Amino acid sequence: MQLDQLYQEIILDHYKRPHGRGLREPALSADGAPHRSGEAHHVNPTCGDEVTIRVAVDGDRISDVSYDGMGCSISQASASVLHELLRGRPVDAAFEVHEAFLELMSGRGQVTPDEDVLGDGVAFAGVARYPARVKCALLPWMAFKDAAARAGVGVSPEVKA
Amino acid sequence: MTTIVIPEGMPQFDDVPRFDVEAVRADFPILSREVNGHPLVYLDSANTSHKPRQVLDVLREHYERHNGNVSRSVHTLGTEATEAYEGARAKIAAFINASSPDEVVFTKNSTEAINLVAYAFSNASASAAGDPRFRLGPGDEVVISEMEHHSNLVPWQLLCERTGATLRWFNVTDEGRLDESNLDELINERTKFVSLVHMSNILGTVNATSRITERVREVGALLMLDCSQSVPHMPMDVVDYDVDFIAFTGHKMCGPTGIGVLWGRAELLAAMPPVLGGGSMIETVALTGSTFAPPPARFEAGTPPIAEAVALGAAVDYLSGIGMRAIQWHEKEITAYALDALATVPGLRIFGPTVPVGRGGTISFALEGIHPHDVGQVLDAQGIEVRVGHHCARPVCVRYGVPATTRASFYLYTTTNEIDALVRGLEQVRKVFA
(Lines give C-alpha, C1' and ligand atoms only; values in the text may rest on other atoms or scores of the structure.)
Protein backbone atom coordinates (compact mmCIF):
# COMPACT_ATOMS: atom_id res chain seq x y z
CA MET A 1 0.00 0.00 0.00
CA GLN A 2 1.35 3.41 -1.01
CA LEU A 3 0.52 4.88 2.38
CA ASP A 4 3.23 2.80 4.01
CA GLN A 5 5.84 4.73 2.05
CA LEU A 6 4.49 8.02 3.37
CA TYR A 7 3.74 7.03 6.93
CA GLN A 8 6.80 4.95 7.69
CA GLU A 9 6.96 3.43 11.15
CA ILE A 10 9.89 5.76 11.95
CA ILE A 11 7.77 8.83 11.17
CA LEU A 12 4.83 7.64 13.22
CA ASP A 13 7.21 6.84 16.11
CA HIS A 14 8.68 10.33 16.07
CA TYR A 15 5.18 11.80 15.85
CA LYS A 16 3.81 9.82 18.77
CA ARG A 17 6.98 10.04 20.88
CA PRO A 18 8.79 13.22 19.84
CA HIS A 19 12.42 13.59 20.88
CA GLY A 20 13.60 16.75 22.61
CA ARG A 21 10.31 18.58 22.28
CA GLY A 22 9.80 21.84 24.20
CA LEU A 23 11.62 25.17 24.04
CA ARG A 24 14.69 25.35 26.30
CA GLU A 25 16.81 28.25 27.51
CA PRO A 26 20.36 28.12 26.12
CA ALA A 27 22.93 26.51 28.42
CA LEU A 28 25.69 28.56 30.03
CA SER A 29 29.30 28.53 28.85
CA ALA A 30 32.22 27.99 31.19
CA ASP A 31 32.46 31.77 31.60
CA GLY A 32 28.83 31.95 32.72
CA ALA A 33 27.50 33.60 29.58
CA PRO A 34 24.62 31.83 27.83
CA HIS A 35 25.27 30.16 24.49
CA ARG A 36 24.37 32.31 21.50
CA SER A 37 20.84 31.54 20.44
CA GLY A 38 18.24 32.38 17.86
CA GLU A 39 14.59 31.52 17.41
CA ALA A 40 12.25 31.37 14.43
CA HIS A 41 8.53 30.73 14.15
CA HIS A 42 7.30 29.39 10.83
CA VAL A 43 3.74 28.86 9.66
CA ASN A 44 2.39 26.95 6.69
CA PRO A 45 -0.40 29.35 5.62
CA THR A 46 -2.26 26.73 3.61
CA CYS A 47 -2.82 24.35 6.53
CA GLY A 48 -2.00 26.34 9.66
CA ASP A 49 0.84 24.10 10.80
CA GLU A 50 3.22 25.95 13.09
CA VAL A 51 6.65 25.31 14.47
CA THR A 52 9.03 27.35 16.63
CA ILE A 53 12.68 26.34 16.56
CA ARG A 54 15.33 27.63 18.96
CA VAL A 55 18.99 27.06 18.13
CA ALA A 56 21.78 27.45 20.71
CA VAL A 57 25.40 27.64 19.57
CA ASP A 58 28.50 27.06 21.65
CA GLY A 59 31.59 28.07 19.69
CA ASP A 60 31.34 26.16 16.42
CA ARG A 61 28.96 23.53 17.77
CA ILE A 62 25.14 23.45 17.81
CA SER A 63 24.62 22.85 21.52
CA ASP A 64 20.85 22.47 21.35
CA VAL A 65 17.91 22.51 18.99
CA SER A 66 14.68 22.86 20.92
CA TYR A 67 11.26 23.26 19.41
CA ASP A 68 7.54 23.43 19.87
CA GLY A 69 4.71 23.32 17.40
CA MET A 70 1.43 21.91 16.28
CA GLY A 71 0.54 20.27 13.05
CA CYS A 72 0.36 17.07 11.11
CA SER A 73 2.42 13.94 11.74
CA ILE A 74 4.85 14.80 8.95
CA SER A 75 5.73 18.30 10.16
CA GLN A 76 5.98 17.32 13.83
CA ALA A 77 7.96 14.14 13.19
CA SER A 78 10.27 16.14 10.96
CA ALA A 79 11.00 18.53 13.85
CA SER A 80 11.81 15.59 16.11
CA VAL A 81 14.17 14.08 13.52
CA LEU A 82 15.81 17.47 12.99
CA HIS A 83 16.48 17.73 16.72
CA GLU A 84 18.02 14.23 16.74
CA LEU A 85 20.20 14.88 13.73
CA LEU A 86 21.53 18.38 14.36
CA ARG A 87 21.84 18.77 18.11
CA GLY A 88 25.45 18.52 19.25
CA ARG A 89 26.90 18.65 15.74
CA PRO A 90 29.56 21.07 14.53
CA VAL A 91 27.86 23.89 12.62
CA ASP A 92 29.38 22.90 9.26
CA ALA A 93 28.32 19.27 9.61
CA ALA A 94 24.81 20.35 10.66
CA PHE A 95 24.43 22.38 7.51
CA GLU A 96 25.63 19.46 5.41
CA VAL A 97 22.82 17.37 6.86
CA HIS A 98 20.44 20.28 6.31
CA GLU A 99 21.43 20.45 2.66
CA ALA A 100 21.07 16.69 2.22
CA PHE A 101 17.57 16.78 3.68
CA LEU A 102 16.54 19.63 1.37
CA GLU A 103 17.95 17.71 -1.58
CA LEU A 104 16.00 14.62 -0.58
CA MET A 105 12.74 16.57 -0.23
CA SER A 106 13.10 18.37 -3.55
CA GLY A 107 13.93 15.14 -5.39
CA ARG A 108 10.33 14.07 -6.15
CA GLY A 109 11.21 10.61 -4.89
CA GLN A 110 14.17 10.21 -7.27
CA VAL A 111 16.92 10.82 -4.69
CA THR A 112 18.32 7.85 -2.75
CA PRO A 113 19.07 9.10 0.74
CA ASP A 114 22.33 8.29 2.54
CA GLU A 115 21.48 6.82 5.92
CA ASP A 116 24.93 7.69 7.29
CA VAL A 117 24.15 11.38 6.75
CA LEU A 118 20.41 11.52 7.30
CA GLY A 119 19.75 8.85 9.93
CA ASP A 120 16.02 8.66 10.63
CA GLY A 121 15.63 11.40 8.02
CA VAL A 122 15.73 8.70 5.32
CA ALA A 123 12.18 7.80 6.34
CA PHE A 124 11.05 11.01 4.63
CA ALA A 125 12.10 9.73 1.20
CA GLY A 126 8.50 8.64 0.59
CA VAL A 127 7.14 12.08 1.54
CA ALA A 128 9.11 13.61 -1.35
CA ARG A 129 6.72 11.82 -3.71
CA TYR A 130 3.76 13.78 -2.33
CA PRO A 131 4.24 17.41 -3.44
CA ALA A 132 1.41 18.53 -1.16
CA ARG A 133 3.30 17.21 1.88
CA VAL A 134 6.86 18.30 1.10
CA LYS A 135 6.15 21.69 2.69
CA CYS A 136 5.05 19.93 5.87
CA ALA A 137 8.35 18.05 6.11
CA LEU A 138 10.40 21.16 5.34
CA LEU A 139 8.62 23.49 7.79
CA PRO A 140 10.95 22.83 10.78
CA TRP A 141 14.04 22.77 8.57
CA MET A 142 13.26 26.20 7.13
CA ALA A 143 12.62 27.52 10.64
CA PHE A 144 15.94 26.00 11.74
CA LYS A 145 17.76 27.88 9.01
CA ASP A 146 16.28 31.20 10.13
CA ALA A 147 16.86 30.48 13.80
CA ALA A 148 20.50 29.50 13.10
CA ALA A 149 21.02 32.73 11.15
CA ARG A 150 19.69 34.65 14.14
CA ALA A 151 22.14 32.75 16.34
CA GLY A 152 24.89 34.00 14.05
CA VAL A 153 25.64 30.77 12.18
CA GLY A 154 23.48 31.21 9.14
CA VAL A 155 24.48 30.22 5.67
CA SER A 156 22.89 33.25 4.07
CA PRO A 157 25.64 35.58 2.74
CA GLU A 158 24.65 38.65 4.74
CA VAL A 159 24.94 36.69 7.98
CA LYS A 160 28.20 35.00 7.04
CA ALA A 161 29.90 38.27 6.10
CA MET B 1 -54.47 3.79 18.90
CA THR B 2 -54.14 7.35 17.81
CA THR B 3 -54.40 8.55 14.30
CA ILE B 4 -52.19 11.43 13.28
CA VAL B 5 -54.09 13.79 11.10
CA ILE B 6 -51.81 15.77 8.86
CA PRO B 7 -53.14 19.29 8.53
CA GLU B 8 -54.24 20.31 5.08
CA GLY B 9 -51.58 22.16 3.14
CA MET B 10 -48.62 20.56 4.96
CA PRO B 11 -45.99 19.34 2.52
CA GLN B 12 -45.87 15.55 2.21
CA PHE B 13 -42.96 13.23 1.51
CA ASP B 14 -44.37 12.47 -1.93
CA ASP B 15 -44.65 16.17 -2.72
CA VAL B 16 -40.91 16.64 -2.56
CA PRO B 17 -39.36 16.77 -6.01
CA ARG B 18 -36.82 14.02 -6.63
CA PHE B 19 -34.41 12.93 -9.33
CA ASP B 20 -32.48 9.82 -10.29
CA VAL B 21 -29.05 10.27 -8.73
CA GLU B 22 -27.47 7.45 -10.73
CA ALA B 23 -28.67 9.04 -13.98
CA VAL B 24 -27.19 12.35 -12.86
CA ARG B 25 -23.88 10.66 -11.98
CA ALA B 26 -23.70 9.27 -15.50
CA ASP B 27 -23.59 12.88 -16.76
CA PHE B 28 -20.30 13.50 -14.93
CA PRO B 29 -17.42 11.72 -16.73
CA ILE B 30 -14.94 12.26 -13.88
CA LEU B 31 -17.09 10.34 -11.39
CA SER B 32 -16.22 7.08 -13.14
CA ARG B 33 -12.46 7.40 -12.65
CA GLU B 34 -10.36 5.71 -10.01
CA VAL B 35 -8.04 7.33 -7.49
CA ASN B 36 -5.18 5.32 -6.00
CA GLY B 37 -6.81 2.11 -7.17
CA HIS B 38 -10.22 2.87 -5.64
CA PRO B 39 -13.40 4.26 -7.17
CA LEU B 40 -13.42 8.05 -6.75
CA VAL B 41 -15.46 9.23 -3.76
CA TYR B 42 -15.61 12.98 -4.28
CA LEU B 43 -16.62 14.82 -1.12
CA ASP B 44 -15.13 18.23 -1.92
CA SER B 45 -17.82 20.00 -3.93
CA ALA B 46 -17.76 23.04 -1.62
CA ASN B 47 -14.25 23.52 -2.94
CA THR B 48 -15.14 22.99 -6.57
CA SER B 49 -17.90 20.95 -8.18
CA HIS B 50 -17.55 18.60 -11.10
CA LYS B 51 -18.88 19.45 -14.56
CA PRO B 52 -21.48 17.46 -16.46
CA ARG B 53 -20.96 16.51 -20.08
CA GLN B 54 -23.74 18.97 -21.04
CA VAL B 55 -21.58 21.87 -19.82
CA LEU B 56 -18.35 20.52 -21.30
CA ASP B 57 -20.08 20.06 -24.67
CA VAL B 58 -21.21 23.69 -24.72
CA LEU B 59 -17.73 24.88 -23.82
CA ARG B 60 -16.21 22.85 -26.64
CA GLU B 61 -18.88 23.76 -29.14
CA HIS B 62 -18.48 27.45 -28.41
CA TYR B 63 -14.80 27.34 -29.31
CA GLU B 64 -15.33 25.00 -32.26
CA ARG B 65 -18.29 26.82 -33.81
CA HIS B 66 -18.91 30.32 -32.44
CA ASN B 67 -15.60 31.76 -31.30
CA GLY B 68 -15.38 35.54 -31.72
CA ASN B 69 -14.93 38.55 -29.48
CA VAL B 70 -18.05 40.05 -27.95
CA SER B 71 -19.70 43.46 -28.22
CA ARG B 72 -17.32 44.84 -30.86
CA SER B 73 -17.54 42.70 -34.00
CA VAL B 74 -19.90 43.14 -36.94
CA HIS B 75 -19.05 39.73 -38.34
CA THR B 76 -21.15 36.62 -37.92
CA LEU B 77 -18.92 34.84 -35.42
CA GLY B 78 -18.71 37.93 -33.24
CA THR B 79 -22.47 38.30 -33.37
CA GLU B 80 -23.01 34.66 -32.42
CA ALA B 81 -20.53 34.94 -29.56
CA THR B 82 -22.22 38.12 -28.31
CA GLU B 83 -25.64 36.49 -28.47
CA ALA B 84 -24.38 33.46 -26.55
CA TYR B 85 -22.65 35.64 -23.94
CA GLU B 86 -25.67 37.89 -23.40
CA GLY B 87 -27.96 34.86 -23.55
CA ALA B 88 -26.02 33.34 -20.64
CA ARG B 89 -26.47 36.58 -18.72
CA ALA B 90 -30.24 36.37 -19.22
CA LYS B 91 -30.31 32.71 -18.08
CA ILE B 92 -28.39 33.55 -14.92
CA ALA B 93 -30.65 36.54 -14.23
CA ALA B 94 -33.70 34.28 -14.49
CA PHE B 95 -32.01 31.64 -12.29
CA ILE B 96 -31.81 34.08 -9.35
CA ASN B 97 -35.00 35.96 -10.30
CA ALA B 98 -33.20 39.23 -11.07
CA SER B 99 -35.51 41.85 -12.52
CA SER B 100 -33.21 42.39 -15.52
CA PRO B 101 -30.16 40.74 -17.14
CA ASP B 102 -28.45 44.13 -16.77
CA GLU B 103 -28.24 43.47 -13.04
CA VAL B 104 -25.84 40.57 -13.69
CA VAL B 105 -22.16 41.55 -13.88
CA PHE B 106 -19.74 38.83 -14.96
CA THR B 107 -16.57 38.60 -12.88
CA LYS B 108 -13.77 36.10 -12.51
CA ASN B 109 -15.21 34.58 -9.30
CA SER B 110 -16.94 35.53 -6.03
CA THR B 111 -13.78 37.10 -4.68
CA GLU B 112 -13.64 39.51 -7.61
CA ALA B 113 -17.36 40.26 -7.30
CA ILE B 114 -16.95 41.21 -3.64
CA ASN B 115 -13.82 43.23 -4.35
CA LEU B 116 -15.65 45.04 -7.13
CA VAL B 117 -18.18 46.39 -4.63
CA ALA B 118 -15.44 47.19 -2.10
CA TYR B 119 -13.44 49.15 -4.69
CA ALA B 120 -16.56 50.96 -5.89
CA PHE B 121 -16.90 52.15 -2.28
CA SER B 122 -13.24 53.13 -2.30
CA ASN B 123 -13.52 55.09 -5.54
CA ALA B 124 -16.75 56.80 -4.49
CA SER B 125 -15.18 57.73 -1.16
CA ALA B 126 -12.19 59.31 -2.91
CA SER B 127 -14.36 61.55 -5.10
CA ALA B 128 -16.51 64.47 -3.98
CA ALA B 129 -19.03 63.47 -6.67
CA GLY B 130 -19.36 59.94 -5.25
CA ASP B 131 -22.86 58.73 -4.41
CA PRO B 132 -23.37 59.21 -0.64
CA ARG B 133 -24.51 55.56 -0.26
CA PHE B 134 -21.03 54.47 -1.34
CA ARG B 135 -19.00 57.04 0.53
CA LEU B 136 -17.18 55.78 3.61
CA GLY B 137 -15.10 57.63 6.16
CA PRO B 138 -14.16 57.72 9.85
CA GLY B 139 -17.25 57.10 11.98
CA ASP B 140 -18.89 54.86 9.37
CA GLU B 141 -19.18 51.14 10.00
CA VAL B 142 -19.06 48.02 7.86
CA VAL B 143 -20.43 44.78 9.34
CA ILE B 144 -19.41 41.21 8.49
CA SER B 145 -19.37 38.02 10.60
CA GLU B 146 -16.91 35.72 12.29
CA MET B 147 -17.88 32.94 9.88
CA GLU B 148 -16.85 34.69 6.67
CA HIS B 149 -14.61 33.11 4.05
CA HIS B 150 -11.50 35.28 3.75
CA SER B 151 -12.91 36.57 0.45
CA ASN B 152 -15.72 38.34 2.33
CA LEU B 153 -13.44 39.52 5.11
CA VAL B 154 -10.14 40.78 3.72
CA PRO B 155 -11.69 43.13 1.06
CA TRP B 156 -13.69 44.89 3.82
CA GLN B 157 -10.68 45.03 6.14
CA LEU B 158 -8.69 46.68 3.37
CA LEU B 159 -11.57 49.05 2.51
CA CYS B 160 -11.84 50.14 6.14
CA GLU B 161 -8.08 50.70 6.28
CA ARG B 162 -8.27 52.87 3.16
CA THR B 163 -11.27 54.94 4.24
CA GLY B 164 -10.93 55.09 8.03
CA ALA B 165 -14.27 53.31 8.51
CA THR B 166 -14.64 50.71 11.28
CA LEU B 167 -15.07 47.00 10.61
CA ARG B 168 -17.40 45.14 12.99
CA TRP B 169 -18.71 41.58 13.02
CA PHE B 170 -21.35 39.17 14.23
CA ASN B 171 -19.97 36.44 16.49
CA VAL B 172 -20.73 32.75 16.08
CA THR B 173 -22.38 30.63 18.80
CA ASP B 174 -20.96 27.37 20.15
CA GLU B 175 -23.48 25.56 17.94
CA GLY B 176 -22.15 27.28 14.83
CA ARG B 177 -25.04 29.70 14.35
CA LEU B 178 -24.81 33.43 13.81
CA ASP B 179 -25.13 35.22 17.16
CA GLU B 180 -27.81 37.82 16.52
CA SER B 181 -28.21 38.79 20.19
CA ASN B 182 -26.62 42.20 19.61
CA LEU B 183 -28.17 42.77 16.17
CA ASP B 184 -29.66 46.18 17.00
CA GLU B 185 -26.42 47.47 18.48
CA LEU B 186 -24.19 45.96 15.80
CA ILE B 187 -26.22 47.31 12.88
CA ASN B 188 -26.96 50.92 13.76
CA GLU B 189 -27.26 54.38 12.22
CA ARG B 190 -23.48 54.45 11.61
CA THR B 191 -23.65 51.23 9.53
CA LYS B 192 -23.23 51.85 5.80
CA PHE B 193 -22.75 48.31 4.57
CA VAL B 194 -23.38 44.75 5.76
CA SER B 195 -21.81 41.82 3.93
CA LEU B 196 -22.71 38.41 5.21
CA VAL B 197 -22.08 34.84 4.15
CA HIS B 198 -25.33 33.12 3.19
CA MET B 199 -24.03 29.61 3.78
CA SER B 200 -20.77 29.07 5.67
CA ASN B 201 -18.17 27.14 3.68
CA ILE B 202 -16.76 25.62 6.85
CA LEU B 203 -19.66 25.21 9.31
CA GLY B 204 -22.34 24.52 6.71
CA THR B 205 -24.65 26.95 8.50
CA VAL B 206 -27.28 28.62 6.33
CA ASN B 207 -27.95 32.03 7.84
CA ALA B 208 -31.53 33.20 8.18
CA THR B 209 -31.40 36.69 6.76
CA SER B 210 -34.85 38.22 7.25
CA ARG B 211 -34.20 39.81 10.66
CA ILE B 212 -30.92 41.18 9.40
CA THR B 213 -32.49 42.54 6.22
CA GLU B 214 -35.19 44.21 8.27
CA ARG B 215 -32.61 45.89 10.52
CA VAL B 216 -30.45 46.92 7.54
CA ARG B 217 -33.49 48.60 5.97
CA GLU B 218 -34.34 50.31 9.26
CA VAL B 219 -30.95 52.01 9.46
CA GLY B 220 -30.69 52.69 5.72
CA ALA B 221 -27.58 50.60 5.09
CA LEU B 222 -26.92 48.25 2.16
CA LEU B 223 -26.76 44.44 2.34
CA MET B 224 -24.64 41.99 0.38
CA LEU B 225 -24.82 38.21 0.65
CA ASP B 226 -21.89 35.99 -0.23
CA CYS B 227 -23.84 33.21 -1.94
CA SER B 228 -20.84 31.18 -3.13
CA GLN B 229 -22.08 28.14 -1.17
CA SER B 230 -25.83 28.72 -1.43
CA VAL B 231 -26.67 29.54 -5.06
CA PRO B 232 -25.24 26.17 -6.24
CA HIS B 233 -27.35 24.22 -3.74
CA MET B 234 -30.72 25.89 -3.22
CA PRO B 235 -33.21 28.13 -4.99
CA MET B 236 -32.22 31.80 -4.84
CA ASP B 237 -34.62 34.67 -5.38
CA VAL B 238 -32.97 38.06 -4.98
CA VAL B 239 -36.33 39.82 -4.86
CA ASP B 240 -37.68 37.55 -2.14
CA TYR B 241 -34.45 37.87 -0.12
CA ASP B 242 -34.64 41.67 -0.44
CA VAL B 243 -30.87 42.11 -0.67
CA ASP B 244 -28.80 44.70 -2.55
CA PHE B 245 -25.92 42.60 -3.85
CA ILE B 246 -25.06 38.93 -4.08
CA ALA B 247 -21.86 37.23 -5.23
CA PHE B 248 -21.40 33.67 -6.45
CA THR B 249 -19.02 31.65 -8.58
CA GLY B 250 -19.47 29.35 -11.56
CA HIS B 251 -17.11 26.53 -10.72
CA LYS B 252 -19.01 25.51 -7.59
CA MET B 253 -22.24 25.09 -9.58
CA CYS B 254 -21.20 22.73 -12.39
CA GLY B 255 -19.73 25.57 -14.43
CA PRO B 256 -16.13 26.25 -15.44
CA THR B 257 -13.52 28.11 -13.40
CA GLY B 258 -12.80 31.76 -14.23
CA ILE B 259 -16.39 32.95 -14.25
CA GLY B 260 -18.33 34.47 -11.37
CA VAL B 261 -21.27 36.78 -10.87
CA LEU B 262 -22.01 39.99 -9.08
CA TRP B 263 -25.71 40.68 -8.95
CA GLY B 264 -26.68 44.18 -7.86
CA ARG B 265 -29.87 46.19 -7.73
CA ALA B 266 -29.99 48.20 -10.98
CA GLU B 267 -30.18 51.62 -9.34
CA LEU B 268 -27.19 50.79 -7.11
CA LEU B 269 -25.02 49.49 -9.94
CA ALA B 270 -25.90 52.68 -11.83
CA ALA B 271 -24.70 54.78 -8.90
CA MET B 272 -21.36 52.96 -8.62
CA PRO B 273 -18.21 54.39 -10.19
CA PRO B 274 -16.12 52.12 -12.43
CA VAL B 275 -13.46 49.92 -10.89
CA LEU B 276 -11.36 48.55 -13.73
CA GLY B 277 -10.85 50.89 -16.67
CA GLY B 278 -10.31 49.77 -20.25
CA GLY B 279 -12.09 48.57 -23.35
CA SER B 280 -15.83 47.77 -23.38
CA MET B 281 -16.61 49.76 -20.22
CA ILE B 282 -16.62 53.22 -21.84
CA GLU B 283 -19.18 55.43 -23.49
CA THR B 284 -16.80 57.92 -25.09
CA VAL B 285 -13.07 58.42 -24.63
CA ALA B 286 -10.98 61.53 -25.15
CA LEU B 287 -7.45 62.13 -23.94
CA THR B 288 -8.87 64.81 -21.65
CA GLY B 289 -11.38 62.46 -20.02
CA SER B 290 -13.89 59.65 -20.57
CA THR B 291 -17.47 58.79 -19.82
CA PHE B 292 -18.62 55.32 -18.98
CA ALA B 293 -21.08 52.73 -20.20
CA PRO B 294 -24.10 51.86 -18.07
CA PRO B 295 -23.97 48.62 -16.04
CA PRO B 296 -23.21 45.81 -16.52
CA ALA B 297 -20.70 46.82 -19.24
CA ARG B 298 -19.26 49.53 -16.94
CA PHE B 299 -17.84 46.77 -14.73
CA GLU B 300 -16.62 44.42 -17.46
CA ALA B 301 -13.48 46.07 -18.80
CA GLY B 302 -11.51 44.10 -21.36
CA THR B 303 -12.38 40.87 -23.12
CA PRO B 304 -14.43 38.86 -20.63
CA PRO B 305 -14.33 35.06 -20.08
CA ILE B 306 -16.78 34.49 -22.94
CA ALA B 307 -16.83 30.72 -23.31
CA GLU B 308 -16.87 30.35 -19.52
CA ALA B 309 -19.92 32.61 -19.25
CA VAL B 310 -21.68 30.65 -21.99
CA ALA B 311 -20.85 27.38 -20.21
CA LEU B 312 -22.14 28.81 -16.93
CA GLY B 313 -25.38 29.46 -18.78
CA ALA B 314 -25.39 25.77 -19.71
CA ALA B 315 -24.73 24.83 -16.08
CA VAL B 316 -27.73 26.90 -15.01
CA ASP B 317 -29.82 25.10 -17.65
CA TYR B 318 -28.57 21.77 -16.31
CA LEU B 319 -29.36 22.60 -12.68
CA SER B 320 -32.75 24.09 -13.57
CA GLY B 321 -33.55 20.96 -15.58
CA ILE B 322 -33.15 18.86 -12.44
CA GLY B 323 -34.68 21.55 -10.25
CA MET B 324 -33.06 23.46 -7.43
CA ARG B 325 -35.75 22.37 -4.96
CA ALA B 326 -34.98 18.73 -5.80
CA ILE B 327 -31.24 19.31 -5.44
CA GLN B 328 -31.75 21.05 -2.12
CA TRP B 329 -33.87 18.16 -0.83
CA HIS B 330 -31.41 15.52 -2.02
CA GLU B 331 -28.60 17.27 -0.17
CA LYS B 332 -30.76 17.59 2.93
CA GLU B 333 -31.27 13.82 2.93
CA ILE B 334 -27.56 13.16 2.34
CA THR B 335 -26.65 15.61 5.11
CA ALA B 336 -29.04 13.99 7.59
CA TYR B 337 -27.59 10.58 6.70
CA ALA B 338 -24.01 11.86 7.03
CA LEU B 339 -24.61 13.58 10.38
CA ASP B 340 -25.98 10.30 11.77
CA ALA B 341 -23.21 8.22 10.21
CA LEU B 342 -20.38 10.47 11.42
CA ALA B 343 -21.83 10.41 14.94
CA THR B 344 -20.92 6.69 15.05
CA VAL B 345 -17.19 7.40 14.56
CA PRO B 346 -15.39 7.38 17.94
CA GLY B 347 -13.61 10.62 18.82
CA LEU B 348 -15.24 12.61 16.01
CA ARG B 349 -16.33 16.17 16.76
CA ILE B 350 -18.47 18.16 14.33
CA PHE B 351 -18.03 21.94 14.02
CA GLY B 352 -21.30 23.61 13.11
CA PRO B 353 -24.93 22.55 13.39
CA THR B 354 -25.35 18.83 14.16
CA VAL B 355 -28.96 18.71 12.93
CA PRO B 356 -29.88 18.94 9.25
CA VAL B 357 -31.88 22.14 9.77
CA GLY B 358 -30.60 25.56 8.78
CA ARG B 359 -27.52 23.98 7.33
CA GLY B 360 -26.31 22.71 3.99
CA GLY B 361 -24.30 19.69 2.88
CA THR B 362 -20.91 20.75 4.18
CA ILE B 363 -19.65 19.11 7.37
CA SER B 364 -16.40 19.99 9.12
CA PHE B 365 -15.03 17.73 11.80
CA ALA B 366 -12.00 16.76 13.87
CA LEU B 367 -10.81 13.27 14.77
CA GLU B 368 -9.38 13.35 18.25
CA GLY B 369 -5.59 13.29 18.26
CA ILE B 370 -5.20 13.08 14.48
CA HIS B 371 -4.27 16.10 12.41
CA PRO B 372 -6.62 16.86 9.46
CA HIS B 373 -3.71 16.68 7.04
CA ASP B 374 -3.13 13.10 8.04
CA VAL B 375 -6.86 12.34 7.89
CA GLY B 376 -7.03 13.72 4.34
CA GLN B 377 -3.95 11.79 3.25
CA VAL B 378 -5.17 8.41 4.49
CA LEU B 379 -8.62 9.05 2.98
CA ASP B 380 -7.02 9.97 -0.36
CA ALA B 381 -5.17 6.66 -0.38
CA GLN B 382 -8.65 5.09 -0.41
CA GLY B 383 -9.90 7.34 -3.21
CA ILE B 384 -11.87 9.60 -0.86
CA GLU B 385 -11.31 13.28 -1.61
CA VAL B 386 -12.04 15.69 1.24
CA ARG B 387 -10.62 19.09 2.05
CA VAL B 388 -8.37 19.67 5.03
CA GLY B 389 -7.02 22.93 6.43
CA HIS B 390 -8.57 26.18 7.59
CA HIS B 391 -10.81 26.46 4.51
CA CYS B 392 -9.96 30.15 4.05
CA ALA B 393 -11.96 30.81 7.21
CA ARG B 394 -9.24 31.01 9.83
CA PRO B 395 -11.32 33.05 12.34
CA VAL B 396 -13.74 30.11 12.54
CA CYS B 397 -10.89 27.71 13.39
CA VAL B 398 -9.64 30.15 16.04
CA ARG B 399 -13.20 30.43 17.41
CA TYR B 400 -13.33 26.66 17.99
CA GLY B 401 -9.72 26.35 19.09
CA VAL B 402 -8.43 24.16 16.27
CA PRO B 403 -5.70 24.86 13.71
CA ALA B 404 -7.60 23.12 10.93
CA THR B 405 -10.50 20.78 10.23
CA THR B 406 -11.42 18.01 7.83
CA ARG B 407 -14.40 18.87 5.64
CA ALA B 408 -16.71 16.64 3.62
CA SER B 409 -19.07 18.44 1.27
CA PHE B 410 -21.85 17.11 -0.91
CA TYR B 411 -23.70 17.91 -4.11
CA LEU B 412 -26.43 16.60 -6.37
CA TYR B 413 -24.28 13.58 -7.34
CA THR B 414 -23.39 12.50 -3.79
CA THR B 415 -24.72 9.12 -2.65
CA THR B 416 -25.21 7.43 0.73
CA ASN B 417 -22.70 4.79 -0.47
CA GLU B 418 -20.10 7.54 -0.57
CA ILE B 419 -20.94 8.55 3.00
CA ASP B 420 -20.49 4.90 4.02
CA ALA B 421 -17.10 4.90 2.26
CA LEU B 422 -16.13 7.99 4.25
CA VAL B 423 -17.05 6.34 7.54
CA ARG B 424 -15.06 3.21 6.60
CA GLY B 425 -12.19 5.44 5.51
CA LEU B 426 -12.16 7.17 8.88
CA GLU B 427 -11.88 3.76 10.57
CA GLN B 428 -8.75 3.18 8.51
CA VAL B 429 -7.40 6.59 9.55
CA ARG B 430 -7.87 5.66 13.20
CA LYS B 431 -6.06 2.35 12.63
CA VAL B 432 -3.02 4.01 11.02
CA PHE B 433 -2.69 6.50 13.87
CA ALA B 434 -3.82 4.23 16.71
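Predicted, not measured: the structure shown is a model, and the values here were computed from it. Below, read A as the first sequence line, B as the second, and so on, with proteins coming before strands; counting in each chain starts at 1.
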From CD1 (B:I370) to SG (A:C72), nearest 0.5 Å: 12.5 Å

Are there residues of residues 398-407 of chain B whose heavy atoms fall under 4.5 Å of chain A's heavy atoms? If so, which? B:P403, B:A404

Does a sphere of radius 6.0 Å around CD in B:Q157 hold more than 12 heavy atoms from other residues, nucleotides or ligands, not counting ones at 6.0 Å or beyond? yes

Using a 4.5 Å cut-off on heavy atoms from C-beta on, say whether the side chain of B:Q377 contacts that of A:I74. no

Rounded to the nearest 0.5 angstrom, the CG-CZ distance for B:D374 and A:R133 is 5.0 Å

Closest non-hydrogen atoms of A:D49 and B:H371, given as atom of the first, atom of the second and distance, are OD1-NE2, 3.0 Å

What pair of heavy atoms forms the shortest contact from A:Y15 to B:G369, and how long is it? OH-O, 3.6 Å

Might you confirm whether atom CZ of A:R108 has over 12 heavy atoms from other residues, nucleotides or ligands at distances under 6.0 Å? no

At their closest point, which heavy atom of B:H373 faces which heavy atom of A:Y7, and how far apart are they? O-OH, 4.2 Å

Looking only at heavy atoms, what is the nearest atom pair of B:V432 and A:L12, with distance? O-CD1, 3.8 Å

Those residues of residues 384-393 of chain B that come under 4.5 Å of chain A on a heavy-atom basis, listed by number, are B:G389, B:H390

Can you tell me if CD on B:E368 sees more than 12 non-hydrogen neighbours from other groups inside 6.0 Å? no

